[in-house]
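To keep things clear, I will list the structure first and then write my remarks on it.
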Amino acid sequence: AVDGETVADAKTFEAAKKEGRLLAYGTYPGDMMKPILAAFESDTGIKAEYVRLPSQGMYQRVTAEFAAKKLEADYIDLTDLPLIQQLINRGILNVPHRVPAFEQIPAAIKDPQGRWYAVIRPVAVIAVNRSRVADADIPKSWKDLINPKWKGIVGTVSIDAGGSVLSLYSFLREKVDPDFWPKFAALTPRIYPTIAPLTTDIARGEIALGIGAIAEPIWLQMKAGAPVKVVFPSEGIAVFPAAGGISTTAKNPNAAALFLNWLTSKRGGNVIARGGAYPANPGSNRPHLEGLEYPSVDRVWNLQLAEWMAERESRMKLWRETFGVK
Amino acid sequence: MSIRITNLRKQFGPVVAVGGLSLAVGDGQMLVLLGPSGCGKTTTMRCIAGLERPDAGTIAIADKVVFDGNGFNVPINQRNVGMVFQSYAIWPHMSVFDNVAFPLRVKNIDRREIEGRTADILTLVGLADLAQRGASLLSGGQMQRVALARSLVMRPSVLLFDEPLSNLDARLRDRLRIQLRELQTQFRITSLYVTHDQREALALADEIAVMHSGELLQVADPISIYSHPASCTVADFLGYSNIFRVGEVRPAEDGHEIVLAESATVLLAATAPAEAADLFACIRPEDMAVAPSNDKHSANAPNTLLGEVILASFMGSFMQYRVRADGGETFEVYSNDILGACKLGARVRLHVPARSVHVLPRI
Amino acid sequence: MSIRITNLRKQFGPVVAVGGLSLAVGDGQMLVLLGPSGCGKTTTMRCIAGLERPDAGTIAIADKVVFDGNGFNVPINQRNVGMVFQSYAIWPHMSVFDNVAFPLRVKNIDRREIEGRTADILTLVGLADLAQRGASLLSGGQMQRVALARSLVMRPSVLLFDEPLSNLDARLRDRLRIQLRELQTQFRITSLYVTHDQREALALADEIAVMHSGELLQVADPISIYSHPASCTVADFLGYSNIFRVGEVRPAEDGHEIVLAESATVLLAATAPAEAADLFACIRPEDMAVAPSNDKHSANAPNTLLGEVILASFMGSFMQYRVRADGGETFEVYSNDILGACKLGARVRLHVPARSVHVLPRI
Amino acid sequence: MPARSQTASLVLKGSISAVLFALLGALVLVPMAMVVYAAFIDVLPFSGEGEAAWTLDNFRAVLSPEVGAAALNTLVVATGGTIVALAFGCTMAWLAARTDVPGKSLVHLAGVMPLFVSLLVAAVTWSLLGAGHSGYLNIIFRSLDVPLRIEIRSLAGIALVEGIYYAPYAYIILFGALTLVNPDLEEAAAVHGATLRQTLGIISFPLVRPALIGSALLIFVLIAEDFPVPQILGGPVGIETLSMRIYNMMTRIPSYPNQAGALSLMLTIAVWVLVYTQRRILAGADYRTVTGKGLRQRAIELGPWRWPATAFVVLYALVAVGLPMWALVQGALRANLFIPNAAAFFDLSQFSLRHVLDAAASTAVHDGFVNSLMAAAATSAFGCVFFFTLVYAVNRTDLPARQWLEYIAMVPLALPAIVLALGVLWTWVSLPLPVYGSLAILVIAFTTRFIPQGYRTISSAVIQIHDDLEHAALVAGASRWQTIKWVTLPLVRGGVVAAAFLLFVLSVREVAASLFLYTTKTRVLSIVLLESYESGLWSTVASISLLYTVMLVAITLVGLRWMRPAL
Ligand SMILES: Nc1ncnc2c1ncn2[C@@H]1O[C@H](COP(=O)(O)OP(=O)(O)OP(=O)(O)O)[C@@H](O)[C@H]1O
Ligand SMILES: Nc1ncnc2c1ncn2[C@@H]1O[C@H](COP(=O)(O)OP(=O)(O)OP(=O)(O)O)[C@@H](O)[C@H]1O
Ligand SMILES: [Mg+2]
Ligand SMILES: [Mg+2]
């Protein structure tokens with residue numbers, strides 16, 4: 001029990017305590033994960049260790065380790081739901097576990113049997129460098145991006161970078177404008193292979209603005225004095241899920257369960273929110289970074305598993321064609 | 001520790017370096033290998049040492065086969081064969097002392113003994129002062145002496161000398177040659193020695209072998225090989241610089257009359273010529289006498305020719321002449337009479353004793 | 001293109017390789033440098049070529065200073081000085097032809113001419129057949145000939161030969177020596193030539209210079225240096241192997257009476273000895289005569305000594321004896337009389353003409 | 001006894017051969033086989049992903065028309081980069097090894113320093129320096145009103161950056177080779193009338209042709225295979241290379257490791273062709289420059305060229321080391337990437353040592369540091385022993401099939417880092433050896449990945465030693481081992497130490513091979529760095545890079561005198 005909230009029953013907690021440690025395999029950047037793990041440790045006294053790989057790499061590593069019976073992870077998360085589903089199908093991530101907050105968590109961001117929960121949901125936003133964009137010109141909505149004045153000075157992340165971009169573009173297509181893709185592609189945006197270089201280029205003003213950046217690194221630059229701004233467009237925002245569950249081969253299943261409980265708890269959610277990502281527990285605080293007003297959680301759009309499974313390939317193919325990436 | 005080579009053959013691609021050579025060196029003997037540049041001397045030695053894998057043949061050292069054509073091959077370091085490399089093969093990163101002490105060190109000999117023996121041998125070759133110098137910081141001759149010292153210090157049962165003294169001055173060479181011979185006999189080191197210096201060959205050899213184009217022409221003790229070369233090629237190589245093709249051989253009273261093919265000049269030879277198609281008359285320049293030709297009456301004596309000096313050079317202890325005989329042949333003559341030297345262009349009388357005219361087959 | 005060296009000095013750390021040497025070679029002349037191993041011959045040449053930066057002194061080629069002690073230094077490739085390296089310095093990655101053609105190629109000479117001249121010189125040194133062979137896949141003597149050919153082909157105005165024929169057999173050496181001399185005179189190449197072969201020195205030299213420990217002892221034409229060495233050291237080096245310390249010099253009727261220090265033996269010398277504290281009697285082994293000592297009456301004739309043969313070796317064209325005289329000295333004697341050779345242990349009578357006894361200062 | 005020793009030696013030879021092939025096989029062939037296998041099946045191997053069926057579709061998919069453009073870009077970048085790398089590396093190596101250029105140790109440092117930062121950091125650094133709008137250099141030009149803008153995000157820019165960062169390979173290998181050239185050979189050229197240029201062009205560099213061609217091949221393939229630089233510099237402007245394609249195939253979801261395998265297989269064949277060509281070029285000629293007649297180290301006097309040479313060194317050091325270091329310092333000292341004008345570079349109020357100190361104090365960095373050092377030291381030690389043995393076996397023995405060792409040793413060159421890493425993962429995760437999850441697996445991965453580099457560095461030195469020097473030792477009765485220890489190793493010390501150094505540095509900065517294999521206990525510094533990078537913490541990345549640059553500089557300076565033969 002933490003903060004008056006039950007995170008685990010005494011038996012699980014005792015067992016977890018006895019295990020004493022936890023090995024998490026995840027995709028959320030290590031430095032951003034650090035405060036979360038630290039809070040978990042101070043709340044529960046269980047030492048959490050973290051191995052981080054990008055989704056596809058993580059998937060390959062996990063499947064290979066599992067096939068060789070050397071998978072040591074207790075908890076695994078990926079930012080790609082279909083891959084999560086494959087892990088489940090393979091029996092790698094096949095531990096149904098109902099967290100205490102199970103009922104509160106929306107169906108879209110959890111497995112009905114509790115094999116995974118979208119515990120951390122970072123936001124893909126518009127980031128603007130104010131040295132290159134007059135304050136008046138700063139876009140307020142996604143639609144504002146469709147404007148010839150951004151031609152050549154706008155950037156985006158390639159759809160191949162992972163689930164974050166796929167969900168963002170799915171959102172743009174479904175919720176903003178069915179023709180958003182071709183219209184945006186006409187601006188010949190610079191296409192960055194991953195999020196990090198996009199962030200760098202916005203921060204230093206190499207490009208004027210970009211979409212697909214994650215809020216926190218931009219915010220860090222802003223705090224350090226760079227003239228950057230994070231825009232939460234009026235149409236809403238797309239998040240992408242770091243969806244995690246308990247590994248079938250977990251050496252510390254109780255600690256893993258406890259971790260999952262904690263991540264989906266209000267308390268855990270608050271810690272996650274402090275890093276600028278949406279937690280799974282709707283009762284937690286809204287994400288909060290000093291000077292940034294995050295939209296409320298109902299303005300947040302999730303790409304759902306079924307759609308993801310069904311549309312992924314065709315959508316990615318279409319995206320590549322639209323944006324001229326081979 | 002005898003060496004016995006049978007039918008040794010080594011080709012480098014299309015180049016036949018050694019072509020079916022057979023050779024034996026008796027225990028504790030020294031055989032000197034003579035032959036023109038590129039005839040296969042080094043290759044033969046390298047085969048014995050195991051540095052080169054022959055294409056065919058067998059090599060036995062101390063009656064043990066170390067190589068046969070069927071893949072049997074004793075590794076270099078188990079043959080106990082020392083070698084002075086023609087190219088020195090000095091280790092540039094070691095001092096003179098370390099170079100020379102190396103063969104002892106690898107045998108785990110007691111340190112004191114190593115130092116003593118190395119110092120001795122360095123004194124012998126005159127490098128005691130340079131013991132601590134880096135081996136690269138030496139003159140050419142000094143390096144050669146390091147190479148020599150290194151192979152002497154190990155006192156192997158078989159030692160191969162590949163022109164070990166070629167870059168030393170005459171005095172040092174004389175001294176070392178003597179000491180080398182002493183060491184060799186003292187430790188009964190069976191040796192093969194390549195040199196281009198006739199004095200060295202004669203002073204050192206128990207036997208001399210003359211090689212030519214990868215083959216052996218003649219093996220004999222020094223005196224007989226010099227006085228009785230088996231063929232024109234051997235004679236040529238041993239300094240019989242007057243060589244003329246023979247047209248006809250006629251038995252005569254006190255030997256055989258030889259008619260030279262080109263000039264019809266007739267010479268008298270004491271010994272009977274070999275039976276062969278091509279014959280050559282070979283005469284050493286030292287064996288010819290030259291004198292001013294004022295006394296006309298002797299012109300018709302046997303083996304006496306008249307001619308003109310076309311080249312005369314002072315050679316320190318003798319004069320070298322080139323004389324064009326009236327018959328047309330050019331003779332090379334060495335004369336010890338320095339005071340009564342003939343001048344260029346002078347008319348002279350040449351004489352060669354009948355026993356100095358060797359009539360030999362081509363090979 | 002004369003060479004003039006003044007006060008040349010070169011040290012390697014503490015080692016004085018050349019110590020204040022002055023030397024001049026006239027235009028188109030050939031100077032042969034003799035000296036014991038390690039005396040600084042190569043270093044001197046390297047300084048002339050510009051490969052080594054002297055510590056002091058000046059070097060002028062064709063009356064143009066190419067080096068002075070004040071930092072003036074003409075780069076190697078602008079000196080037009082060719083050199084045959086003692087170590088050959090053959091480029092292993094090129095063929096024989098490419099090695100030899102190199103000096104012409106870098107001068108951007110017409111291809112045809114390059115091929116012609118290279119082929120000619122390769123024929124000269126007997127390597128025409130091997131032109132396309134990799135230059136390191138050769139025998140030692142063949143490599144040396146490549147080195148020689150490479151520097152001959154460029155016909156530089158100055159050519160430095162550092163023991164260019166040391167690894168060749170005698171016949172080839174004779175032939176090349178003659179051709180080298182021809183080329184040298186034909187193209188008036190001013191040359192410096194290092195050799196340890198006395199015949200080579202005599203046959204080639206316009207002048208001979210004897211070096212010792214980095215210094216020049218004597219420079220003279222071949223005949224005078226051999227017949228009149230200036231000092232005992234020079235004599236020793238030139239083959240005067242009978243050297244005895246002189247105790248006393250007494251003027252005598254037909255020359256000077258020399259009393260040897262160790263044995264009180266008295267010899268008669270024709271020429272007047274130099275004025276010096278230490279004097280040595282120097283006699284060449286060729287100048288001594290040896291005969292069986294059956295005729296007792298001649299024992300007391302001047303310069304005649306009795307003794308016993310302690311070593312007799314056949315040397316091809318002469319006999320080498322070591323004779324212990326009754327006075328105690330050991331003499332080395334070369335005798336051309338091979339037929340009437342004396343045996344080991346025989347009592348013999350030695351004779352040396354008074355004019356062959358040279359009485360010389362130490363240096 | 002001889003008969004017995006004969007059989008014994010045959011057995012010994014056979015077993016040495018077997019051990020070498022087994023080791024090399026385990027390190028290279030098995031991962032390679034995994035990749036090849038993947039190339040011919042239709043499912044991800046070793047992941048339990050259903051039944052595998054044989055197929056050639058992977059090759060068909062790879063040979064799509066777009067590959068053509070990417071291949072062309074790759075060719076341009078690799079060729080350009082190789083030329084740049086060789087030009088810089090060779091010149092610097094020659095200056096440092098053979099001449100009296102002033103400040104030798106600084107020349108040396110400038111020669112190797114670009115190696116220190118990982119290519120990812122290097123790419124970002126150059127993008128910071130030379131991006132068209134906000135590149136530091138362009139900011140300076142703009143402030144100075146110089147009408148010059150550079151755009152590093154172009155094919156030429158990529159080639160230049162690759163060239164600069166691969167120049168140390170050429171430098172290190174050629175430095176070793178040139179110290180083993182007998183000065184007599186160059187002097188002979190000068191005496192025979194060659195100018196310095198002719199001497200260099202006809203004698204010095206052709207003499208070290210094995211090193212030259214070897215490093216050219218290495219650099220060419222490594223650049224072709226390199227991914228961070230084209231990705232960071234070329235990606236945003238739409239330049240695509242083969243390596244980016246492979247990386248994309250591997251990382252996009254769903255991924256196509258099978259196609260990546262197919263492409264890698266084709267690259268391997270291309271590399272074999274190159275290696276074969278290289279052997280053909282070098283065959284027949286003799287490159288043994290250290291012979292038995294002494295080797296005196298003599299510096300060529302540059303004379304009037306001293307100053308241009310110094311200027312070249314300074315310029316190179318400035319461009320290849322100074323600029324990126326300066327950018328790193330900027331990155332480390334200021335949290336904010338935005339620089340409005342040139343004056344801002346000197347605006348001290350923006351600077352703080354906080355990030356550097358934080359990085360220096362962080363336990364993650366510490367642990368990473370320790371892990372990296374241990375893995376790198378072990379790789380470098382094990383690698384040197386192993387590679388030297390390989391080189392020795394190939395060049396100095398008559399072991400059966402020894403040439404094949406060289407071909408196998410070159411395979412890792414062809415496999416892009418990420419493919420190789422996956423191959424290593426597949427191999428070692430399934431082997432019943434207790435290495436997976438330990439630092440040992442990282443050492444194995446690093447060793448596998450850097451076989452070509454280490455092998456080439458050592459082999460180009462060994463080729464230069466005349467075998468008679470070893471023969472002389474054997475003739476003197478020394479055993480093989482004694483001969484190696486006292487004769488061969490001291491002479492090739494430069495090459496071996498250079499290989500050790502190279503392995504060490506490359507291991508410290510290696511990312512791709514670590515990524516699949518590290519665990520929480522074996523998190524190496526490069527992973528820490530990557531995490532920070534992906535979290536957008538450039539100042540941390542720059543700080544860590546600076547920290548280990550300082551460490552490597554120290555190691556370089558200490559190791560300098562060992563990079564020459566033991567003369
Ligand atoms: N680099 C060096 N460092 C130290 N000493 C050296 C160096 N080079 C030569 N010497 C010494 O200088 C002296 C002269 O050497 P040099 O090579 O000139 O002799 P040399 O007369 O050519 O002898 P050789 O007939 O043996 O070739 C020798 O005693 C040698 O040991
Ligand atoms: N590695 C090689 N490749 C090809 N040919 C070679 C090789 N080594 C030697 N030869 C050739 O083999 C022949 C014999 O060479 P070897 O070295 O035995 O001669 P040598 O009698 O020692 O001559 P020298 O007196 O010049 O040293 C020569 O014609 C030489 O050119
Ligand atoms: Mg030879
Ligand atoms: Mg010399």
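In what follows, every chain begins at residue 1, and chains take the letters A, B, ... in the order their sequences are listed.
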(message) Shorter than 4.5 Å, heavy atoms on both sides: which option in L130(C), I223(C), T43(C), L137(C) has the most such pairs with chain B?
(response) I223(C)
(message) If we define contacts as heavy-atom pairs under 4.5 Å, which of D236(C), L138(C), D197(C) has the most with chain B?
(response) D236(C)
(request) Identify which of S241(B), S37(B), G140(B), G141(B) forms the greatest number of heavy-atom pairs closer than 4.5 Å to chain C. (result) S37(B)
(message) Looking only at heavy atoms and a cut-off of under 4.5 Å, which of A201(C), P222(C), G38(C) has the most pairs with chain B?
(response) G38(C)
(request) Measure across Q198(C) and L238(C) and return the closest heavy-atom pair with its distance rounded to 0.1 Å. (result) OE1-O, 3.8 Å
(message) Between the side chains of R175(C) and D169(C), is the shortest nitrogen-to-carboxylate-oxygen separation below 4.0 Å, so that they form an ion pair?
(response) no
(message) So for R171(B), is it side chain, backbone, both, or neither that comes closer than 4.5 Å to the heavy atoms of chain C?
(response) side chain
(request) Would you confirm whether the ring centroid of H358(B) sits within less than 6.0 angstrom of the ring centroid of Y240(B)? (result) yes
(request) Go through the atoms of Q142(B) and report whether side chain, backbone, both or neither lie under 4.5 Å from a heavy atom of chain C. (result) both
(request) Pick whichever of S166(C), S139(C), A203(C) has the most heavy-atom pairs under 4.5 Å with chain B. (result) S166(C)
(message) Between Y88(B) and chain C, with a heavy-atom cut-off of 4.5 Å, which part of the residue counts as in contact: side chain, backbone, both or neither?
(response) neither
(message) Please identify which of these residues, L202(B), L204(B), L34(B), meets the side chain to side chain contact (heavy atoms under 4.5 Å, CB included) condition with T195(B).
(response) L34(B)
(request) Could you tell me which of D174(C), T42(C), N167(C) has the largest number of non-hydrogen atom pairs under 4.5 Å with chain B? (result) N167(C)
(message) Please classify the contact of S87(B) with chain C as side chain, backbone, both or neither, using a heavy-atom distance under 4.5 Å.
(response) neither
(message) Assess whether a salt bridge exists between D162(B) and R46(B), defined as any Lys/Arg side-chain N lying under 4.0 Å from an Asp/Glu carboxylate O.
(response) no
(request) Pick one of side chain, backbone, both or neither for L127(C), based on which atoms fall under 4.5 Å of a heavy atom in chain B. (result) neither
(message) Which atoms of V194(B) are under 4.5 Å from chain C, going by heavy atoms: the side chain, the backbone, both sets, or neither?
(response) neither
(message) Between Y321(C) and P285(C), is there a side-chain heavy-atom distance shorter than 4.5 Å?
(response) no
(request) Please look at L172(B) and chain C and tell me whether the side chain, the backbone, both or neither of the residue comes under 4.5 angstrom of a heavy atom of that chain. (result) side chain
(request) Determine yes or no for a side-chain-to-main-chain donor-acceptor pair under 3.5 angstrom, with R322(C) supplying the side chain and I310(C) the backbone. (result) no
(request) Determine the option with the most heavy-atom pairs under 4.5 angstrom with chain B, choosing from R199(C), Q320(C), E286(C). (result) R199(C)
(message) Quick check on F12(B) against chain C: is it the side chain, the backbone, both or neither that has a heavy atom closer than 4.5 Å?
(response) neither
(message) Can you confirm whether V18(C) sits close enough to C47(C) that some side-chain heavy atom of one is under 4.5 Å from a side-chain heavy atom of the other?
(response) no
(request) Would you check if M319(C) and V290(C) make a side-chain contact, meaning some heavy-atom pair closer than 4.5 Å? (result) no
(message) Which heavy atom of A149(C) sits nearest to which heavy atom of V125(C), and what is that distance?
(response) CB-CG2, 4.0 Å
